[in-house]
Amino acid sequence: MSLGYQSPRRRRAGDMTWGIIASMLFASFGFGGTFSYERSEKLCFPDDFIFGVATAAYQIEGAWNTSGKGESIWDRYTHERPDRIFDHHNGDVAADSYHLFRQDVRMLEYLGVQHYRFSISWPRTLPSGLSNEINEDGIRYYMELLDELNSHGISPIVTMYHWDLPQALQDLGGWTNPIIAEYFVDYARVLFDHFGDKVNVWLTFNEPLSFCHDGYGGLDAPGAHSSGFEDYLCAHNVLRAHGMVYRLYMDQYKDKIKSVGITLDFSWLEPATTSDADQKAAETARQFYFGWFAHPIFSKTGDYPPIMRERVDTISKRQHFTRSRLPSFTPEEVEMIRGSSDFLGLNHYTTYLIAKNKGKISLTPSFEADMGGIVSQKKEWPKSNSTWLKVVPWGFRKSLNWVRLAYDNPTVFITENGMSLERGLKDSRRINYLDGYLKALLTAMTKDNCRVVGYTYWSLMDNFEWTRGFSERFGLYEVDYDSPNKVRTARSSAEYFKQLAQTRCIPTWNYTV
Ligand code: NOJ
């Protein structure tokens with residue numbers, strides 16, 4: 001099943017000038033190394049499967065205070081608390097894609113991808129977060145980017161919110177204040193009105209687990225560090241906001257826009273042992289980390305997962321709260337949110353082990369205590385350059401199958417998957433990661449019948465990796481942050497990905513550099 005649009009890239013197949021342009025670009029982006037590929041007939045994705053790459057506004061755009069852009073929570077946080085960022089850097093300039101987006105599109109064209117997933121910055125379009133003041137320069141910027149993509153036959157997939165909340169809204173409590181759902185709807189309406197003709201596929205939110213759990217429950221921006229409390233309030237309002245935007249699209253924009261979904265992150269959670277207690281703890285953890293957002297939207301019954309409701313209610317009582325720390329939806333809200341997504345955008349990177357936490361539950365609230373599992377990873381799993389990201393391809397297949405069984409085989413679109421390494425162009429370990437994860441994905445599709453329609457690599461190029469600054473590089477293209485014009489250079493993995501995107505078959509590769 002497709003996401004509801006025809007990839008223009010496919011219509012361009014056979015364009016004779018393409019190879020010439022590509023080889024010029026190849027030279028201009030300076031790939032150095034030799035590869036040999038064979039086309040493997042056996043390991044191919046379906047003809048209508050689409051390949052693309054992803055980025056996000058704060059991580060690449062820079063121009064943090066240019067031409068009317070408002071301040072975001074990540075601007076404020078990195079400026080006021082550089083100590084909270086591993087290398088003390090910020091996204092003020094990042095990869096400077098605000099100025100260099102035409103180069104980015106040339107890179108996409110070189111890769112031959114069918115789609116580009118990027119996000120719109122809420123404070124660049126609405127500086128105070130509210131729709132009474134629209135920043136025309138922000139509209140112009142995204143309009144030009146969309147036109148550039150369109151003229152190169154690359155379909156945009158646009159995320160409305162990839163963590164850069166307008167600071168003015170955070171001053172009102174951000175995602176913990178219920179009013180924000182109304183403001184998010186106003187923002188979505190501005191996006192649909194201005195860009196609806198050019199964007200068929202929209203994602204409301206990127207990884208609410210990350211920005212609620214780590215931002216309101218932890219030390220990502222805004223750094224509320226209020227686990228088991230503000231993270232639940234954040235999630236509640238995000239789910240309401242998502243449902244409301246989906247209903248807005250269904251009621252008023254259905255003729256203009258093809259599909260609206262949400263991106264959720266799901267790391268596979270494997271029981272640490274075969275004991276019943278660990279099996280049960282792992283399933284509970286899946287419901288807390290993934291079901292928290294997926295169950296209200298994708299299950300038949302809607303609302304939070306019953307086990308989450310039960311555990312947080314019980315533990316809240318024991319902690320002498322007068323009401324559960326997990327808020328409740330009204331019956332109308334349950335219905336509004338249930339089924340509010342045309343597809344599931346899935347981000348998957350890694351796997352963890354879960355063991356039952358046999359310790360006493362503390363009086364201090366926390367998401368981890370509510371969840372009741374101890375999280376770890378196996379020492380022998382291959383490492384990346386991110387402490388949390390170990391290379392475990394089989395976890396991808398298990399995640400996809402869990403989703404298939406839990407939510408009646410929904411249409412899944414892989415909106416992120418990727419690996420960080422240190423600086424360097426010869427990234428055979430990234431190619432190895434891709435090879436393993438793509439094979440796991442293909443097996444889930446062909447052997448297990450999981451319904452997956454597209455794959456998106458994170459990321460097109462190196463970018464600002466949140467509290468890890470520029471120290472972790474996920475790009476198919478390396479960015480030289482020291483050069484004034486942020487020179488982008490293709491890595492070996494870009495050549496691999498190009499083969500993949502253009503043939504739809506997993507390349508067999510000999511690393512002969
Ligand atoms: C998830 C996020 O969506 C993205 O912003 C981040 O850079 C990658 N994963 C890698 O951590």
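Just follow the structure's listing: the first ligand is 1, and inside any ligand the first atom is 1.
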Yes or no on side chain to side chain contact (heavy atoms under 4.5 Å, CB included) for Phe45 and Met445, after CA distance, side-chain angles and deciding distance? CA-CA 9 Å; Phe45 288 82; Met445 291 169 64; 3.9 Å; yes
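In this structure, the ring-ring contact (aromatic ring centres under 6.0 Å, His included) partners of Trp202, at least two apart in sequence or on a different chain, are Phe192.
Atom NE2 of His348 is separated from atom CH2 of Trp268 by 10.0 Å, given to the nearest 0.5 angstrom.
Each of Gln59, His162, Trp163, Asn206, Glu207, Asn347, Tyr349, Trp388, Glu416, Trp458, Glu465, Trp466, Phe474 has a non-hydrogen atom positioned under 4.0 Å from some atom of ligand 1.
Looking only at atom types and distance, the side chain of Asn347 has a donor-acceptor partner in the side chain of Asn206 under 3.5 Å away. A donor-acceptor contact under 3.5 angstrom links the side chains of Tyr304 and His236, judged on distance only.
In this structure, Thr159 and Thr415 have side chains that are not in contact, with every pair of non-hydrogen atoms separated by 4.5 Å or more.
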